[in-house]
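A, B, ... follow the sequence lines: proteins, then strands. Residue 1 opens every chain.
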Amino acid sequence: MRLSQAFLPTLKEDPADAELVSHKLMVRAGMLRKHAAGIYSLLPIGWRVTRKVAQIVREEMDRTGAQEVLLPIMMPSELWKETGRWEKYGKELFRQRDRHDRDYVLGPTHEEAITDLVRNHVRSYRDLPQNLYQIGVKFRDEIRPRFGLMRAREFLMKDAYSFHVDDAQLHETYERMHAAYTTIFRRCGLTFVVVEADSGAIGGDVNHEFMVTADSGEAEIFASGCGYAASAESAKFAWTPQAEEPAAPMAERETPEKRTVEEVAAFLDVSADRLLKSLVFYAEEEPILAIVPGNRELNEAKLARHLGGAPLRLATAPEIERLTGGPLGFTGPVGLAGKIRTIVDATIQEGRNYVAGGNRKDLHLQNVRLGRDVVVSERADLTTAKAGDRCPRCGEVMVVSRGIEVGHVFKLGTKYSESMAARFLDAEGTERTIVMGCYGIGVTRIVAAAIEQSNDENGIIWPMPIAPYHVHVVPVNFKESRTRDTAEDLYKALMSAGIEVLLDDRDERPGAKFKDADLLGIPLRVTIGEKGLADGIVELRDRKTSAVARVPVGDAATAVIARVREALTTATS
RNA sequence: CGGGGCGUAGCGCAGCCCGGUAGCGCACCUGCCUUGGGCGCAGGGGGUCGCAGGUUCGAAUCCUGUCGCCCCGACCA
């Protein structure tokens, strides 16, 4: 590509509305422009990179035996009603209505569509397994889109869905996909970790997230030396039960205007872990009382999973008053037996005395004991791990870090096939439900993550396999005939060798060209100038290391080709 | 949804408090000049100041509403 003809609007200054380095650089490097919050156009350079990432994904998917399809962006609401997600997916689901007032969904993911497709064609165990994928646009009405491509409302995703006769067969594919994901992210030049994760609105049981490590990441990761790694939504932690205490009679304590854990703990002079934090939720129409220790945070994802994935919302103050008889801030589990489903966190012990709200203004109760005073509906792990917590496997203190989620693989089981009646006949002639897996990769998010992980004060530093071009040829003064001829010759030679070349044939000052070259971040730069030509050489500069090699003009093409091929194969292996 | 900030030329911003002919830098166009890290000089084009009402002789500026964008938070009692 000749820069003089390229649609490549680079910017000297950071855009005012960008926060993350990757977002700023993508806009400055002429890759990305915004139309509305979370809605972007990819410009030629940005799309080239995206296509390269998509191509790597495609190659590795094909290698697993998965087959590419294209599913509709817009789907009839009926499919989503079948699985219940029309109601359960919540506000993130973009909905559309046509002229006949029929409801549609702009797909945030495609379990429904693919299951509909497969159930109509798979009859026998002989038709299984199947593994289908697509690379397509997804829509999510994010609560707060931000960080450019990192959390957009419309984005490019690879989603794959596999169909099996049983768990063992699913496991085989799951492992293969897991391995393929590792290869994909490695080929994209990313540093990443694999963590155990929460399945959120997708559902299912076993699942892993692939996280690109970055301080700017939105996701928190807990990990320990033994290999345990988990996202904040799902991380477990070890805890040591404390000694039982003799039962003491429950006592009322006036706690005027003491609502928060801190206020109550200080007022009654007890530690925060003595307090039973009582939170009222609604899971659809059912009220839920969740009890966690005062020194820990309730983990909504864990609670939602315990409840089967229904969307949760916290009860409002009037609702709390109606349900418990007391105002917000003084809620507790005592005396609510039979009135509200009460789920108690696993770390709260029987045989110890706790403090809880009294369901009356300015009242707390002391020496509250599970079983005796509190009717427990269920026990569950309800809290989020925090810094200093110990690994559930090895007991070591876990390290907390941040990451960008770029991939997620799930064993779905029969969550969708059951509700959508996707069945097959086994060898015995018995009808059985198909077992599913699903596997996602945020293609556009990888682009952002790659930049987030590889840049310097001058711009982007692309890994060769996803760089928009392999080589950037910069003639210092394109008007000077020897420089121009050398550049043109090299340009043609490289192109005919299949190398992707960007030629800066603009009549710009060298400084401007170098700045743009650094900003664009193409891994190799060839500088051609009168000074070098006087010695019969051109300069080969490495964007990442800034190392410069002086290469005889006649060897330039060969040297570049060798370097590009080497960088491409190293990344692949 | 709550709190905060911002909407003035393609981009980055000043002007607004204190109403009176809309500015700066970059980018862009023309000419000259220059060519190894965002050259220089001269000339030039481009904005109904987000939108709608209101106050006023007069509104970018004051008031009301509305839309959009960004940041923080999103209920942990």
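- Distances shown here put every side-chain N or O of Arg28(A) at or beyond 4.0 Å from the OP1 or OP2 atom of C11(B).
- Rounded to a whole Å, the CZ atom of Arg313(A) is 14 Å from the P atom of C75(B).
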query: Leu3(A) and Arg506(A): side-chain contact (heavy atoms from CB on, under 4.5 Å), yes or no, with the steps?
result: CA-CA 6 Å; Leu3(A) 217 30; Arg506(A) 298 174 301 173; 3.9 Å; yes

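- Using a 4.5 Å heavy-atom cutoff, the side chains of Glu530(A) and Thr483(A) are in contact.
- The gap from the C1' atom of C62(B) to that of G15(B) amounts to 16 Å, rounded to the nearest Å.
- For Arg146(A) and C71(B), the shortest distance from a side-chain N or O to OP1 or OP2 is not below 4.0 Å.
- In this structure, NE2 in His306(A) is found 11.0 Å from CG in Leu312(A), a value given to the nearest 0.5 Å.
- Distance Glu480(A) CD to G36(B) P: 11 Å, rounded to the nearest Å.
- Distance from the side chain of Glu300(A) is smallest for C76(B) among the nucleotides U35(B), C69(B), C76(B).
- To the nearest angstrom, P of C26(B) lies 17 Å from CG of Asp516(A).
- Taking the charged nitrogens against the carboxylate oxygens, Asp381(A) and Lys302(A) do have a contact shorter than 4.0 Å, which makes a salt bridge.
- Distances shown here put a side-chain N or O of Lys34(A) below 4.0 Å from the OP1 or OP2 atom of C70(B).
- Straight-line distance between the P atoms of G58(B) and G65(B): roughly 23 Å, to the nearest whole Å.
- Distances were taken from every side-chain heavy atom of Arg144(A) (C-beta onward) to each of G36(B), A27(B), A74(B); the shortest belongs to A74(B).
- Taking the P atoms as reference points, C76(B) lies 41 Å from C16(B), given to the whole Å.
- Partner assigned to C24(B) is G12(B), using Watson-Crick or G-U wobble distances below 3.5 angstrom.
- The base of G36(B) sits with one of its N or O atoms less than 3.5 Å from a complementary donor or acceptor on the side chain of Glu539(A).
- Cation-pi contact between Arg253(A) and Phe267(A): absent, since separation from the ring centre below 6.0 Å together with deviation from the ring axis within 45° is not met.
- Ion pairing of Arg352(A) with Glu245(A) is present here, as a side-chain N (NZ or NE/NH1/NH2) and a carboxylate O approach within less than 4.0 Å.
- A gap of 13 Å separates the P atoms of G45(B) and G23(B), to the nearest Å.
- Using a 4.0 Å heavy-atom cutoff across all strands shown, Phe330(A) reaches sugar-phosphate atoms only and no base atom.
- Taking the C1' atoms as reference points, C69(B) lies 38 Å from G40(B), given to the whole Å.
- We find that CZ of Arg33(A) is positioned 18 Å from P of C69(B), with the value rounded to whole Å.
- Here C13(B) is the nucleotide among C69(B), C13(B), G36(B) with the atom lying nearest to any side-chain atom of Ala16(A).
- The partner of C6(B), taking Watson-Crick or G-U wobble pairs whose two distances both stay under 3.5 Å, is G68(B).
- Among the atoms of the strands shown, only primed sugar atoms or phosphate atoms (P, OP1, OP2) are found under 4.0 Å from some heavy atom of Ala36(A).
- For Arg541(A), the side-chain atoms get nearest to G37(B) when compared with the rest of G36(B), U35(B), G37(B).
- Within 4.0 Å (heavy atoms only), Val261(A) reaches sugar-phosphate atoms of the nucleic acid but no base atom.
- For Pro15(A) and Gly38(A), each mapped to the nucleotide of RNA chain B holding its nearest heavy atom, the one lying further toward the 5' end belongs to Pro15(A).
- Residue contacts for Thr331(A): at a heavy-atom cut-off of 4.0 Å it reaches no nucleic acid atom on any strand shown.
- Distance CG (Leu8(A)) to P (G38(B)): 19 Å, rounded to an integer number of Å.
- We find that CZ of Phe147(A) is positioned 9 Å from C1' of C71(B), with the value rounded to whole Å.
- Nucleotide G43(B) has C29(B) as its partner under the Watson-Crick or G-U criteria, with both atom distances under 3.5 Å.
- Comparing Ala315(A) and Tyr40(A), the nucleotide of RNA chain B nearest to each residue sits closer to the 5' end for Tyr40(A).
- The distance between the ring centers of His364(A) and Phe330(A) falls below 6.0 angstrom.
- Put simply, CZ on Arg543(A) is 17 Å from P on G37(B), counting in whole angstrom units.
- Picking from C69(B), U35(B), G73(B) the nucleotide with the shortest atom distance to the side chain of Ala37(A) gives C69(B).
- As rounded to the nearest Å, G38(B) and G31(B) have C1' atoms that lie 22 Å from one another.
- Using a 4.0 Å cut-off between charged nitrogen and carboxylate oxygen, Asp269(A) and Arg274(A) do not count as a salt-bridge pair.
- Base pairing of U35(B): no nucleotide in any strand meets the Watson-Crick or G-U wobble criterion (both distances under 3.5 Å).
- Between the side chain of Arg525(A) and the base of G37(B), a donor-acceptor pair under 3.5 Å is found.
- Figure legend: cation-pi geometry between Arg48(A) and Tyr469(A), with NZ or CZ positioned under 6.0 Å from the six-membered ring centre and within 45° of its axis.
- Across all strands shown, Asp518(A) has heavy atoms under 4.0 Å from base atoms, whether or not it also approaches the sugar-phosphate.
- Judged by atom type and distance alone, Asn477(A) does not reach the base of G36(B) through any side-chain donor-acceptor pair under 3.5 Å.
- For C26(B) and A14(B), the C1' atoms lie 15 Å apart once the distance is rounded to whole Å.
- Residue Thr316(A) is out of contact with every strand shown, counting any heavy-atom pair closer than 4.0 Å.
- Within 4.0 Å (heavy atoms only), Arg506(A) reaches no atom of the nucleic acid at all.
- The residue Gly294(A) sits apart from the nucleic acid: no heavy atom pair falls under 4.0 Å.
- In this structure, CG of Leu314(A) is placed 7 Å from C1' of C76(B), rounded to the nearest angstrom.
- The nucleotide C1(B) finds its pairing partner in G73(B), both defining distances of the Watson-Crick or G-U wobble pair being shorter than 3.5 Å.
- The P atoms of G44(B) and C24(B) are separated by 12 Å, rounded to the nearest whole Å.
- Side chain of Glu13(A), nearest nucleotide from U35(B), C11(B), C70(B): C11(B).
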